[in-house]
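Ligands are counted one by one from 1 in listed order, and the atoms in each one are counted from 1 as well.
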Amino acid sequence: MAGFREREKQYFPLQKIQDVVDLFKDQLTTPDEPNLALLSIVLGLIENTLTVNRALPNHIDSSQSLEPIFPVVELSTVEALYTKFVTQIKRSVDLTKFPDGNATRELVKFVSDVVWSSLMRSYYKDKAHLQSLYSYLTGNKLDCFGVAFAVVAAFQVLEYKDVHLALSEDHAWVVFGEDLKDSAEVTWHGRGQPITVGVVDKSWLYLNGEPVICTRQMEVASIVSGINPSINATTDSVEMASLQQDLLWLLHDLGHLEKYPMALGNLGDLEEISPTPGRPPPLDLFEESIEANKKYYNNRHVYPYTYLGAYQYRNMNYKEALQAWADAASVVKTYNYNRQDEEIYKEFLEIANDLIPQMMKSAASDNAARIHHTSILYNPDCYSNFLRFYDGICEWEEDSPNPVLHITWANQLAFSLSKFDCSVRKLIALPGTGESSSSSEEDSEEDEEDEVNHNKDNKKDDKENITQTDDNKIEKVVKARGRRRK
Ligand SMILES: CC1(C)CN=C(N2CCN(c3ncnc4sc(C(F)(F)C(F)(F)F)cc34)CC2)S1
């Protein structure tokens, strides 16, 4: 596959978002495969121009916005980079040594070494905008996703159809061979090794054997979803975000996001920021993401629920946020926490020690809701989901090689717990059993006793009562969980 055929050339020069969408649409509806290297170079070039090297316009247009004009993407520029990639790969891989039509572990290791060998010796791998072949070809830098994607794009150049991208929620690798049953690390740690340890140790990083296995079209979806419109910590390129949104809708309409929960969540976030007329609301996309998780990944992905929880929290739907976070914890509890799972640890740390306390504070100061008992502080479902959230995190920690909880977690738990009204704390719902503890025989006398004592107590010693009640409540949750485990 030398340069581009008329098919690709006709779209250049790309001068506006619609030109890029037209090119992608053509690539995604051809009988043969979309050209991964071409599309990654195009997106990387545009992203680099709109975020990294923002050539500001020499005129301030009427809207006084400093948004640079959309870069004109010339065919010659893209073709030169594409030829550089194809030449480098074809020159380095002597296929006569690999006669078998199917990719082998040896060949995957060899190609990942070729990609690897041209990377800069040392650079900050978590930096933004290092995900595309444009970054690879012009800066010799790639992040973890970028290395895995480059290996897959290289195999496409070598005309292999049995090497595909595998994605967890924080790691990328490749699957290959007949019905893609083999797997191989191609990035920093353990290159060439199969992905067995990840499944055995029940770490979230490998999603317990439920990663997203990409088709060529889903590999296109991964580079679109991986577009990073950020100019800096506080500003995004409107143009880049708009291009990402249009391309995600194109992929959505063609059915290529059906099995890609994170891309659906991404699109939901973009739609919240800038709703597309005539398109479904963000909540529908977060629901689609959750349904895909249940239908295709045995409900083992966590992010579909944290996308939803974050959205509900931002929109002050606190009851629904607690529900989503409890569902997220009910997923993470099926894993063992390993040191390499820190991304999801940070996610739950922020929810438990920042977002929920903020939410409880805000609910506690909402006097109108208090008076009308519409506040989450009086709502048994909220309390039940709150407990289910913590129950999931405790279970996540159980049997794990690394601890999860520390004093900050306990302090924030006590703080948040104390904000619930003591009336609602009487109705402890046993997480996951759907029953309330007051219906379980061994507890009922205790509960009634509590009920009687509590009602008899006058308001003044409520403070002391809350602490005492909470202690035995927490202890009851732990005991209840213990009972369920037998
Ligand atoms: C609910 C959240 C905290 C908001 N953003 C989240 N993202 C942003 C989008 N994102 C993603 N969105 C689409 N595809 C992928 S593939 C991937 C990865 F496998 F980890 C990789 F490749 F190693 F980086 C990550 C990721 C990662 C998770 S999770």
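At the top of the distance list for atom 13 (C) of ligand 1, counting protein heavy atoms only, stands S225 OG, 3.3 Å. In terms of protein heavy-atom proximity, atom 12 (N) of ligand 1 is nearest to N266 ND2, 3.4 Å. For atom 5 (N) of ligand 1, the closest non-hydrogen atom of the protein is Y307 OH, 3.5 Å. When hydrogens are left out, the protein atom nearest atom 28 (C) of ligand 1 is Y303 CE1, 3.5 Å; that is the closest non-hydrogen contact.
If you look at A148 next to ligand 1, there are no close heavy atoms at all, none under 4.0 Å. Residue E347 touches ligand 1 through its side chain alone, judged by heavy-atom distances below 4.0 Å. Under 4.0 Å from ligand 1, heavy atoms of A172 appear from its side chain as well as its backbone. At a heavy-atom distance under 4.0 Å, no atom of V212 approaches ligand 1.
Inspection of the D354 and Q412 side chains reveals no N or O donor paired with an N or O acceptor under 3.5 Å. If you check the side chains of Q131 and E47, you find a donor sitting under 3.5 Å from an acceptor. Of the N and O atoms on the side chains of S118 and N140, not one donor lies less than 3.5 Å from an acceptor on the other residue.
Comment: D26 engages R7 in a salt bridge, judged by a side-chain N to carboxylate O separation of less than 4.0 angstrom.
Evaluated by nearest non-hydrogen atom to atom 23 (F) of ligand 1, the leading choice among M262, E350, H171 is H171.
Separation of the H164 and F176 ring centroids does not fall under the 6.0 Å cut-off.
Note on ring orientation: taking the six-membered ring where Trp is involved, the planes of W396 and Y337 are perpendicular (angle over 60°, cut-offs 30° and 60°).
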